[in-house]
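Report on one structure; see the data block that follows.
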Protein chains: 2
Amino acid sequence: MAKYEKAAEALRDEIRAGHPQAGERLPAETVLAERFRVSLPTIRQALGVLQAEGLIERRHGRGTYVREPRHLVARTNERHQWEKDRARQSLAEREKTGATERDTGLQVDDLVFSAVYDEVPANADLAAALGVREGEPLVRRSYQTRYRQEDFPFNVATSYLVRALVTANPRLLDDAEEPWPGGTQSQLHTVGIELDRVEERVTARPPSAEEAEVLGLHPGVSVLVLRKSCVDTEGRVVEVSDVILPGDRTEMVFVTPLERW
Amino acid sequence: MAKYEKAAEALRDEIRAGHPQAGERLPAETVLAERFRVSLPTIRQALGVLQAEGLIERRHGRGTYVREPRHLVARTNERHQWEKDRARQSLAEREKTGATERDTGLQVDDLVFSAVYDEVPANADLAAALGVREGEPLVRRSYQTRYRQEDFPFNVATSYLVRALVTANPRLLDDAEEPWPGGTQSQLHTVGIELDRVEERVTARPPSAEEAEVLGLHPGVSVLVLRKSCVDTEGRVVEVSDVILPGDRTEMVFVTPLERW
DNA sequence: GAGTGGTCTAGACCACACG
DNA sequence: GTGTGGTCTAGACCACTCC
């Protein structure tokens with residue numbers, strides 16, 4: 001086993017044993033280098049491994065710290081039925097609270113929400129997902145949501161609608177109408193679309209450089225990649241969204257009810 | 001922007017533009033160092049960034065290659081109802097195929113399956129998840145499944161049952177009975193337990209050193225962490241399993257049907 | 001044997017945090 | 001100012017792959 005691996009393993013074991021604990025500082029790199037009798041670049045390589053594992057966090061000018069685990073946002077698939085139940089309610093009712101507030105347990109005022117609409121032709125991937133021909137005009141809607149006190153959003157989402165399906169209501173083409181009380185299902189309701197089911201596909205990977213930038217992710221944090229497809233009662237896929245969620249603060253919850261014997 | 005970041009960005013852009021393509025080789029480190037007019041350690045740092053992003057793969061003695069994306073196993077929550085439907089069928093029927101084969105589209109012969117049972121007292125986490133007191137005896141069942149041609153499993157799962165609930169059938173305490181035709185729901189059926197719903201919680205993170213080892217993961221691959229809870233018709237959580245899935249070859253699919261208006 | 005990436009060293013200088 | 005991590009260099013030797 002290489003020296004840097006030995007050092008990394010020793011430090012990992014110590015952290016798991018609780019010395020130092022989450023939030024506490026590790027000794028300086030020079031101290032560690034001395035202790036393990038290796039050069040500074042080698043101990044830095046060891047710390048790089050632990051950082052990539054998400055175990056530690058290095059703060060420039062301050063030191064190396066044990067990362068604290070955090071899970072703040074739980075996102076459950078029961079939100080879809082909940083949203084559907086509200087889609088036809090009065091504006092006053094719909095304005096009370098949204099699905100994100102439901103997930104996070106926060107008030108609307110605690111959240112900063114942004115939405116930008118534009119129009120793009122369907123590429124091969126989206127055309128297949130939406131069941132339309134390539135080049136079909138789509139409304140692209142880019143969303144970000146963050147806590148008011150924080151600098152970075154906890155999710156970024158891109159939603160695609162087939163433009164032809166929503167032109168009946170011009171208000172659906174205008175991002176100044178966001179946040180739309182009641183969400184997408186309420187929007188679709190205005191053009192006579194009812195959802196039959198929601199399909200969600202989840203994978204995980206390290207963030208791209210851009211995602212790490214936008215979400216303010218530390219090294220050693222993965223992202224959950226969610227593609228959500230909404231299928232209406234006629235079997236058409238009427239919306240596709242791609243959502244990126246930070247893996248260190250998001251838990252996705254899926255409940256599957258079973259038929260009784 | 002640092003030199004290594006510049007180099008990483010330039011290489012990233014080239015890969016995204018398709019030069020080199022997935023599977024193709026990058027120039028040797030010495031060549032890249034010359035091209036970007038930086039030292040070898042610096043270009044190595046740049047490549048380290050791209051590797052951590054999952055964009056490239058470095059093969060000792062051979063070169064640096066653009067990683068090929070792969071998604072082989074799709075795991076859908078419809079499996080739960082499917083398993084429930086089969087739980088009460090005849091042995092002959094149940095033996096035909098299992099949920100994993102259904103997910104992967106493979107035959108039983110293509111897969112190598114291993115199961116080990118032992119007994120552990122419930123820790124705080126498991127006690128909370130199962131709704132029992134700490135120290136309650138649990139049956140721990142450790143599973144691994146891999147393709148016959150491959151060296152590493154594509155999932156590792158640890159399942160916990162409350163021992164008191166399954167002692168009525170001693171065969172459920174014996175790992176020599178695995179793989180049990182029809183799966184866990186069929187096993188639970190033998191002691192009179194019917195499931196009402198399955199709750200799954202998904203997060204993502206980089207693999208621990210041990211997980212990377214067991215699953216044979218390359219640097220720059222994240223894992224999906226799944227905690228599945230099975231709730232029976234009396235509202236008890238009767239099984240909890242923790243599943244680790246490689247993010248680069250797994251897609252989890254969740255379908256949420258909605259009630260009609 | 002030639003070419004490749006993996007490990008390791010010694011040391012320099014810079015940028016940031018904090019008292 | 002002092003201590004911390006971040007970047008960068010020049011170079012050595014090793015281990016693996018392939019011809």
Side-chain angles (χ1 to χ4, degrees), chain A residues 1-12 15 20 23-68 151 209 212-213 216-221, chain B residues 1-12 15 20 23-68 151 209 212-213 216-221:
Chain A
M1 193 185 292
K3 291 186 184 180
Y4 80 93
E5 284 178 313
K6 275 209 192 85
E9 190 172 74
L11 291 169
R12 185 159 47 221
I15 291 170
E24 288 179 358
R25 221 200 79 179
L26 273 72
E29 297 178 343
T30 48
V31 176
L32 292 173
E34 223 169 274
R35 182 183 140 198
F36 289 105
R37 299 172 193 286
V38 296
S39 71
L40 228 151
T42 300
I43 201 66
R44 291 184 56 72
Q45 191 176 0
L47 293 175
V49 171
L50 300 182
Q51 185 178 37
E53 287 172 16
L55 215 56
I56 61 169
E57 188 179 336
R58 293 149 109 180
R59 303 184 199 159
H60 195 169
R62 299 214 279 162
T64 304
Y65 293 79
V66 180
R67 268 256 299 276
E68 309 198 48
D151 296 326
E213 167 98 35
L217 301 180
H218 297 100
V221 174
Chain B
M1 191 185 293
K3 289 185 184 180
Y4 80 93
E5 284 178 312
K6 276 210 192 84
E9 190 172 74
L11 291 169
R12 187 161 44 223
I15 291 169
E24 287 179 359
R25 223 199 76 180
L26 273 73
E29 296 178 344
T30 48
V31 176
L32 292 174
E34 221 169 277
R35 185 185 138 197
F36 289 105
R37 299 173 196 286
V38 297
S39 71
L40 229 148
T42 300
I43 202 66
R44 290 184 56 72
Q45 190 177 4
L47 293 174
V49 170
L50 301 182
Q51 185 179 35
E53 286 172 14
L55 215 57
I56 62 170
E57 187 179 338
R58 294 149 107 180
R59 304 184 198 159
H60 195 169
R62 299 214 276 163
T64 304
Y65 294 79
V66 180
R67 269 256 299 276
E68 310 198 48
D151 295 327
E213 166 99 35
L217 301 181
H218 297 100
V221 173

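Chain letters run A, B, ... following the sequence lines, proteins first and then strands; every chain starts at 1. Because only heavy atoms are used, hydrogens play no part in the values below, and waters and symmetry mates are left out as well, while side chains stay in.
Counting heavy-atom neighbours within 6.0 Å of Glu213(B) CD, excluding the residue itself, gives a total of 12 or less.
Note: CD1 (Ile43(A)) to C1' (dG6(D)) measures 16 Å, nearest angstrom. Per the geometry, OH belonging to Tyr4(A) stands 8 Å off C1' belonging to dT7(C), to the nearest Å. In this structure, Leu47(B) places its CG atom 8 Å from P of dG5(C), rounding to the nearest Å. Rounded to an integer number of Å, the gap from OH of Tyr65(B) to P of dT17(D) is 11 Å. Straight-line distance from the CG atom of Leu26(A) to the P atom of dG5(D): 9 Å, rounded to whole Å. Counting to the nearest Å, the P atom of dG6(D) and the CD atom of Gln45(B) are 10 Å from each other. Protein atom CG of Leu32(A) is 14 Å distant from nucleotide atom C1' of dG3(D), rounded to whole Å. Between the CZ atom of Arg37(B) and the C1' atom of dT9(D) there is a distance of 17 Å, given to the nearest Å.
A sub-4.0 Å separation between OP1 or OP2 of dT4(C) and a side-chain N or O of Arg58(B) is absent. Close to dT7(D), at under 4.0 Å from its OP1 or OP2, lies no side-chain N or O of Thr42(B). One finds a side-chain N or O of Thr64(B) lying less than 4.0 angstrom from the OP1 or OP2 phosphate oxygen of dG5(C). Proximity of Arg62(B) to the phosphate of dG3(C): no side-chain N or O atom is located under 4.0 Å from OP1 or OP2.
Between Arg58(A) and Arg44(A), the closest heavy-atom pair is NH2-O, 3.4 Å. In terms of heavy atoms, Val221(A) sits closest to Arg67(A) at CG2-NH2, 3.4 Å.
No aromatic stack links His60(A) and the base of dG6(D), using centre distance under 5.5 Å and interplanar angle under 30°.
By the 4.5 Å heavy-atom criterion applied to side chains, Thr30(B) and Glu34(B) are not counted as neighbours.
Within the 4.0 angstrom heavy-atom criterion, base atoms lie near Arg44(B).
With Pro20(A) as the fixed residue, the side chain to side chain contact (heavy atoms under 4.5 Å, CB included) test singles out one of Leu11(A), Ile56(A), Ile15(A), Thr64(A): Ile15(A).
Mapping Arg59(A) and Val38(A) onto DNA chain C by nearest heavy atom places Val38(A) closer to the 5' end of the strand. When each of Pro41(B) and Arg25(B) is assigned the nucleotide of DNA chain C bearing its nearest heavy atom, the one mapping closer to the 5' terminus is Arg25(B).
When each of dT7(C), dT4(C), dG6(D) is scored by its nearest atom to the side-chain atoms of Glu29(A), the top-ranked nucleotide is dG6(D).
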